[in-house]
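If you're wondering where the values come from, they're calculated on a predicted model, not measured in any experiment. Numbers for residues simply follow the sequence, beginning at 1.
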Amino acid sequence: MSYFTDLALQCIDGQWRPGTGSWDIIDFNPYNGEKLASITVATRDEVDEAYRAAERAQREWAATNPYTRRRVFERAIRVIEEQESAITEAIVAELGGTRLKAAFEIHMVKEFFREALQLALVPSAQILPSSVQGKENRVHRDPVGVVGIISPFNYPFLLAVKSAAPALALGNAVVLKPHQSTPVCGGTLVAKVLQDAGLPPGLVNVVITDSAEIGDTLIEHPVPKVISFTGSDRVGRHVSTVAGRTFKRVILQLGSNSGLVVLDDADVDYAVDAAVYSRFVNQGQLCMAANRIIVDRRLEPEFTPKFVERVRRLVVGDPADPATHIGPLINSRQAERVTAIVEQALAEGATALLHGAVDGNLVSPSVLTDLPVASPLLHEEIFGPVALVVAVDGDEEAVHVANDTPYGLAGAVHSSDIERGIAVARRIDAGMVHVNDSTVADEPTVPYGGEKLSGLGRLNGPQVVEAFTTTRWLSIQRERSTFPF
């Protein structure tokens, strides 16, 4: 099948159909500009249809035996394995993702479906003691009902499944709106995999649209009880504000300005490898990516030349070529923004140890150092192949620099003394910090999320149970109560 022909449609109540909006979203290959698909946007009415279909389907799904639910996820894994080659080509074409990136994303999607197998069997009730004679307290954990999911462009397949799989496993239905740049990999591909796996109609609905067409309908609609959003903190603020007006629960996975800290006793060569991967994986279009490489000044003269040389050897080009490390940014607007960031830094007095060229959406890596302390770039998310090397004097300054940002998603600390590394890591204000590893890590069984402007709530592991269920107290009085009047 051709994903960009067969899946360039809305998926509502199990039916594949065109939208009826007044304009089309054009899906382009960011590397060569090829038009992949043209999709007429969904309207407010179609968003309403999607939510109503999800609401109807969810009641029966929640009552379905959990062993029946988990079989859907078992089959979903097999569907992905059977279609892995085609899905890889779709990721390469629509995202400009390298083959290495596509393999990682597909692997993680399968891992999240495997975790969904376990979540389907999470205990749904417990009995608690009571201080009242003859009373039995039961606490039931029920699905919230319908979850609205808004997925981003950078890891669209993974980050859609990251919310959709656990929500479905716990008995909910979902309505998914993918980013306009990745409508297939971030939306309709998810629906097709689950449909082929036997998921009943209406439980996953995909609406390809934009706020210019539907406004805040996706968030304000009365049906969804939870909105799971992954994207920028600017849009996240808006999502939170709109959802808060109707007391909806929000899960926000937002931007970051992660720091990778290299202490004075670190293994330099290993830290260089970790830093190169942490900064330049997926062209730096990753919220966990290390914007800032924070190096103790005693190691900096050895670390920085090795880091620059490793970055210089990265292959920039066609993402379909297995030798490519860095493919295109998602669109020309992002390429222009990253170019402007480098020029701004140089104008502020930064030194370019490596000044990357620009060719369309291909932006070669830049490595900058000597940024003024007041430079806004030290506090912002870059979301592109630009690394900032910051020299510091000792652990205290390293912690201060790592925390000197409004974000707090991820970080890493490198030291040959594990306990010293742990001590520094514990002082970094981020939701996830890794000792002697990359800043880029995700596992289905451990909490994923950030502090400060990097988001609200957590996904993965037990945290998704809190995110996508609600608790109800049911008491049974087995002996007659005595009332005061």
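- Under the 3.5 Å distance criterion, the side-chain polar atoms of Ser454 are matched with a main-chain donor or acceptor of Leu409.
- At least one side-chain heavy atom of Glu381 sits under 4.5 Å from a side-chain heavy atom of Cys287.
- Looking only at side-chain heavy atoms (C-beta outward), Val250 and Leu456 come within less than 4.5 Å of each other.
- The closest donor-acceptor contact from the side chain of Thr88 to the backbone of Ala102 lies at 3.5 Å or more, if one exists at all.
- Distance alone, capped at 3.5 Å, is enough to place a donor-acceptor pair between the Gln285 side chain and the Ile330 backbone.
- Salt-bridge formation is not detected for the pair Glu81/Arg78: no Lys NZ or Arg NE/NH1/NH2 atom is positioned less than 4.0 Å from an Asp or Glu carboxylate oxygen.
- For the pair Lys110 and Phe73, the cation-pi criterion (under 6.0 Å, within 45° of the ring axis) is not fulfilled.
- Between the side chains of His355 and Glu343, at least one donor N or O lies within less than 3.5 Å of an accepting N or O.
- Open room surrounds CZ on Arg234; 12 or fewer heavy atoms of other groups in view lie less than 6.0 Å from it.
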Next item on the list: Let me see the working for Thr324 and Thr98 under side-chain hydrogen bond (donor to acceptor under 3.5 Å, both in side chains), right down to the final yes or no.
Entry: CA-CA 7 Å; Thr324 297; Thr98 64; over 6 Å; no
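- The shortest distance between side-chain heavy atoms of Asn460 and Pro447 does not fall below 4.5 Å.
- Proximity of Tyr448 to Met288: side-chain heavy atoms (C-beta onward) are separated by under 4.5 Å at one or more points.
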Next item on the list: Using the side-chain contact (heavy atoms from CB on, under 4.5 Å) rule, take Phe280 and Val311 through it: C-alpha gap first, then chi angles, then the decisive distance, then the call.
Entry: CA-CA 9 Å; Phe280 296 105; Val311 175; 3.5 Å; yes
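- In this structure, Trp61 contributes its side chain and Leu168 its backbone to a donor-acceptor pair below 3.5 Å.
- Residues Glu115 and Lys162 are not paired through a salt bridge, judged by the lack of any N-O separation under 4.0 Å between the basic side chain and the carboxylate.
- Taking a cutoff of 4.0 Å between a charged side-chain nitrogen and a carboxylate oxygen, Glu336 and Arg333 do not qualify as a salt bridge.
- With hydrogens and angles ignored, the 3.5 Å screen pairs a side-chain donor or acceptor of Asn172 with a backbone N or O of Val144.
- Across all their heavy atoms, Arg99 and Pro322 have their closest contact at CD-CG, 4.1 Å.
- The shortest heavy-atom contact between Gly236 and Leu254 is CA-CD2, 3.9 Å.
- Closest of all the heavy-atom pairs between Leu362 and Gly317 is CD2-O, 3.6 Å.
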Check: Do Val174 and Asn205 pass the side-chain contact (heavy atoms from CB on, under 4.5 Å) test, and can you show the C-alpha distance, the side-chain angles, and the key distance before you say yes or no?
Finding: CA-CA 6 Å; Val174 303; Asn205 304 271; over 6 Å; no
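- In this structure, CZ in Phe383 is found 12.5 Å from CG in Asn257, a value given to the nearest 0.5 Å.
- The side-chain heavy atoms of Val424 and Val399, taken from C-beta on, include a pair separated by under 4.5 Å.
- For the atom pair Glu300 CD and Ile293 CD1, the distance stands at 12.5 Å (nearest 0.5 Å).
- Between Asn331 and Phe153 the shortest side-chain heavy-atom distance does not fall below 4.5 Å.
- In summary, the side chains of Thr470 and Asp142 do not present any donor paired with an acceptor at a separation below 3.5 Å, with no hydrogens or angles considered.
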Note to self: Does His107 form a side-chain hydrogen bond (donor to acceptor under 3.5 Å, both in side chains) with Glu84? I'd like the steps, not just the answer.
What the structure shows: CA-CA 10 Å; His107 165 74; Glu84 192 152 339; over 6 Å; no
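- Aromatic ring pairs are classed by plane angle as parallel below 30°, tilted from 30° to 60° and perpendicular above 60°; the pair Tyr270 and His414 is tilted.
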Check: Run the side-chain contact (heavy atoms from CB on, under 4.5 Å) check on Arg472 and Val139 step by step: do they pass?
Finding: CA-CA 6 Å; Arg472 306 181 197 278; Val139 178; over 6 Å; no
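- With Ser416 contributing its side chain and Ala266 its backbone, the two residues share no donor-acceptor pair below 3.5 Å.
- Under the 3.5 Å distance criterion, the side-chain polar atoms of Arg297 are left unmatched by any main-chain donor or acceptor of Asp393.
- Summarising the geometry of Pro372 relative to Leu378, their closest heavy-atom pair is O-CD1, 3.4 Å, with the distance given to 0.1 Å.
- Residues Thr351 and Thr369 have side chains that never bring a donor and an acceptor to within less than 3.5 angstrom of each other.
- When atom types are taken as modelled, the side chain of Asn361 and the backbone of Ser332 share a donor-acceptor pair closer than 3.5 angstrom.
- Contact annotation: the side chain of Lys452 never approaches that of Pro406 to less than 4.5 Å [non-hydrogen atoms, C-beta and beyond].
- Within a 6.0 Å sphere centred on NE2 of His400, heavy atoms belonging to other residues, nucleotides or ligands number 12 at most.
- For Glu396 and Arg427, the salt-bridge test passes: some basic side-chain N is under 4.0 Å from an acidic carboxylate O.
- Ion pairing between a basic and an acidic side chain is recognised when a charged N comes within 4.0 Å of a carboxylate O; Arg458 and Glu451 show such pairing.
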Item checked: side-chain contact (heavy atoms from CB on, under 4.5 Å) evaluation trace for Tyr3 with Leu36 -> CA-CA 9 Å; Tyr3 288 136; Leu36 301 172; over 6 Å; no
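- Between Pro156 and Leu95, the closest heavy-atom pair is CD-CD2, 3.2 Å.
- Counting only distance, with no hydrogens or angles, the side chain of Ser258 and the backbone of Gly411 share no donor-acceptor pair below 3.5 Å.
- Using modelled atom types, one finds no donor on one side chain facing an acceptor on the other under 3.5 Å when comparing Thr182 with Glu94.
- Between the side chains of Arg141 and Thr469, at least one donor N or O sits under 3.5 Å from an acceptor N or O.
- With hydrogens and angles ignored, the 3.5 Å screen pairs no side-chain donor or acceptor of Arg70 with any backbone N or O of Leu121.
- The shortest heavy-atom contact between Ala323 and Val315 is O-CB, 3.5 Å.
- The pair Asp264-Arg420 counts as a salt bridge, with a side-chain nitrogen and a carboxylate oxygen less than 4.0 angstrom apart.
- For His238 and Asp216, the side-chain atoms include at least one donor-acceptor pair closer than 3.5 Å.
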